[in-house]
Protein chains: 2
Amino acid sequence: MPKPTFHNLSEAKRRRITDAAVAEFSSVPYAKANLDHVVKAAGISKGSLYQYFGGKADLYRWLLTSWLPERKMAAIGAQAPPPGASIWQILEQAFVAGVRFAVAEPELTRLGIRFLRDHELEPALAEVSRQHRAAADAWLMHLLQQGQARGELRADLDLSVAAGFLAHALGEGMLDQLARALGLDLHEMLDEPGVVGTLTEDQLVTLVRHVTSLFRDGAGVP
Amino acid sequence: MPKPTFHNLSEAKRRRITDAAVAEFSSVPYAKANLDHVVKAAGISKGSLYQYFGGKADLYRWLLTSWLPERKMAAIGAQAPPPGASIWQILEQAFVAGVRFAVAEPELTRLGIRFLRDHELEPALAEVSRQHRAAADAWLMHLLQQGQARGELRADLDLSVAAGFLAHALGEGMLDQLARALGLDLHEMLDEPGVVGTLTEDQLVTLVRHVTSLFRDGAGVP
DNA sequence: CAGTCATATGACCACATAGTCATACGACTC
DNA sequence: GAGTCGTATGACTATGTGGTCATATGACTG
């Protein structure tokens, strides 16, 4: 976590530093991320960085556990679902919010994806990631149980299996599908700023419905 | 690719080197993998390793593009599906073969998973991975089209979306589900050699059926 | 203006580790 | 036994980079 000095800096300077760090950590895996790039891009000296943060791991941890979640919250907002919403509406809302964020902030998305892939490196981060997973899991299981009780789900569904797939589908999986729809690789898509913007709201919602439809009743063709 | 010298070595020595390399590359990401560990574990000198391979990247590439596929083929074998098989039988067979391999060879599985996660590092490997993906994709799409033509699929299914999910489900996703069934994290599961053996053939097949059932007709509860 | 404090600096150090090379070994030939 | 050829060795070099520290700047105080 940042040292007090960091909080005393001007908003603009903090921003320069954060931007530089995000750019670096989102473009290469943690082990390859280079603090010299960060300080150069931020226009500060190496010594200063160590006046603000405890080190590389500290900076990375702060970005992922404090800064990124804040940005995400700010961007998505905690939209309460309408009172009588079906679990499909709730899921759809979550899916769409996630994809909209990815479209609006491809760099932050890349940062998050990188984290998913090498969180095992920093034991402290592994714990963070485990908690995230557990929270998402609990939320999904609760939702699915509710759905099953209301008869909104296919009756033959194994909830645990479904929750596992939805967890993936809500995150990376959805982005993969998007990339697929554009004929690209996930990384290619996130690296090209313009391309995601070509997706229409309509395409997006259609894609989301195709995903959720897997868990709803089929049309029942024999 | 290995230099000619490597092929002249005794089977046993080649084996020691390969085992050491697999152990290293499967336990840490490529950037962190240390050739000194490899030579020590293999009981050879650093110079020798460079007599056998062009360098770190060369060794890694060979493991993933030649050695691992061979081992996989040997372990799974190219079982032709029975002539009149439904796509569900074919998929089930593929799923089960994949999981059996993971159970039998957790270290090789870890190696493969690591590769999936940092293939972007080595441009040459990115190409390899792209080809794998494309091949898997083509196979799945073909299978699904066949299934749709025969009416074995839910009629409302978007084939492209389904193929995307199946691609994940056949690989990492299936392993994730397995770990979930054991109450573990994917990496925890692969790191503990004993634990996977506790799964019965029955549990395994049941899990696989739960996954494929997502794409089949639901029981149709309103 | 002297003193003090927070902040800034970048040359520098410490260390890890990919890759090299001069040298040695040993089997096989003549 | 001298020559030669494929192989083995590990000390060494080159490089990249996380982290440190003596020194500086400059604002504010009395």
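Treat the numbers as computed from the prediction; the structure is a model and nothing was measured.
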Nearest-Å distance for atom pair [atom1]/[atom2], residues [X] and [N]:
| X | N | atom1 | atom2 | value |
| --- | --- | --- | --- | --- |
| A:Gln51 | D:dG19 | CD | C1' | 13 Å |
| A:Lys3 | D:dT20 | NZ | P | 8 Å |
| A:Asp58 | D:dG18 | CG | P | 14 Å |
| B:Tyr50 | D:dA14 | OH | C1' | 12 Å |
| A:Lys56 | D:dG16 | NZ | C1' | 11 Å |

May I ask you to verify if any side-chain N or O of B:Ser48 is less than 4.0 angstrom from the OP1 or OP2 atom of D:dT9?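 True: B:Ser48 side-chain N/O within range (under 4.0 Å) of D:dT9 OP1/OP2.
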Does D:dG10 have OP1 or OP2 under 4.0 Å away from a side-chain N or O of B:Lys46? no
query: Do B:Thr206 side-chain atoms and B:Asp202 backbone N/O form a donor-acceptor pair below 3.5 Å?
result: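 Flag set: sc B:Thr206 to bb B:Asp202 pair under 3.5 Å.
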Q. Would you say the side-chain atoms of B:Thr65 pair up with the backbone N or O of B:Arg61, donor to acceptor, closer than 3.5 Å?
A. yes
For a 4.0 angstrom threshold against heavy atoms of chain A, report the outermost contacting nucleotides of DNA chain C in 5' to 3' order.
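Range of nucleotides within reach of chain A: C:dT7 to C:dG10.
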Inset, instruction - Please say whether more than 12 non-hydrogen atoms of neighbouring residues, nucleotides or ligands are located less than 6.0 Å from CZ in B:Arg16. - result: yes
Remember a base hit wins even if backbone is also touched, and classify [X] as base, sugar-phosphate or nothing at under 4.0 Å, heavy atoms.
| X | result |
| --- | --- |
| A:Thr5 | sugar-phosphate |
| B:Tyr52 | sugar-phosphate |
| B:Gly47 | base |

Between [X] and [Y], does any side-chain N to carboxylate O distance fall below 4.0 Å?
| X | Y | answer |
| --- | --- | --- |
| B:Arg180 | A:Asp137 | yes |
| B:Arg133 | A:Asp176 | yes |
| A:Glu24 | A:Lys40 | no |

Centroid-centroid distance, B:Trp62 to B:Phe6, less than 6.0 Å: yes
Q.
If you take any heavy atom closer than 4.0 Å to DNA chain C, which residues from residues 30-39 of chain A end up in contact?
A.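 Heavy-atom contacts with DNA chain C come from no residue of residues 30-39 of chain A; none.
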Test: A:Lys56 cationic atom under 6.0 Å from A:Tyr30 six-membered ring centre, within 45° of axis: yes
### Message
Determine whether B:Glu188 and A:Arg130 satisfy the following criterion, salt bridge (Lys or Arg N to Asp or Glu O under 4.0 Å), listing intermediate values before the conclusion.
### Response
CA-CA 12 Å; B:Glu188 286 169 354; A:Arg130 187 192 311 276; 2.9 Å; yes
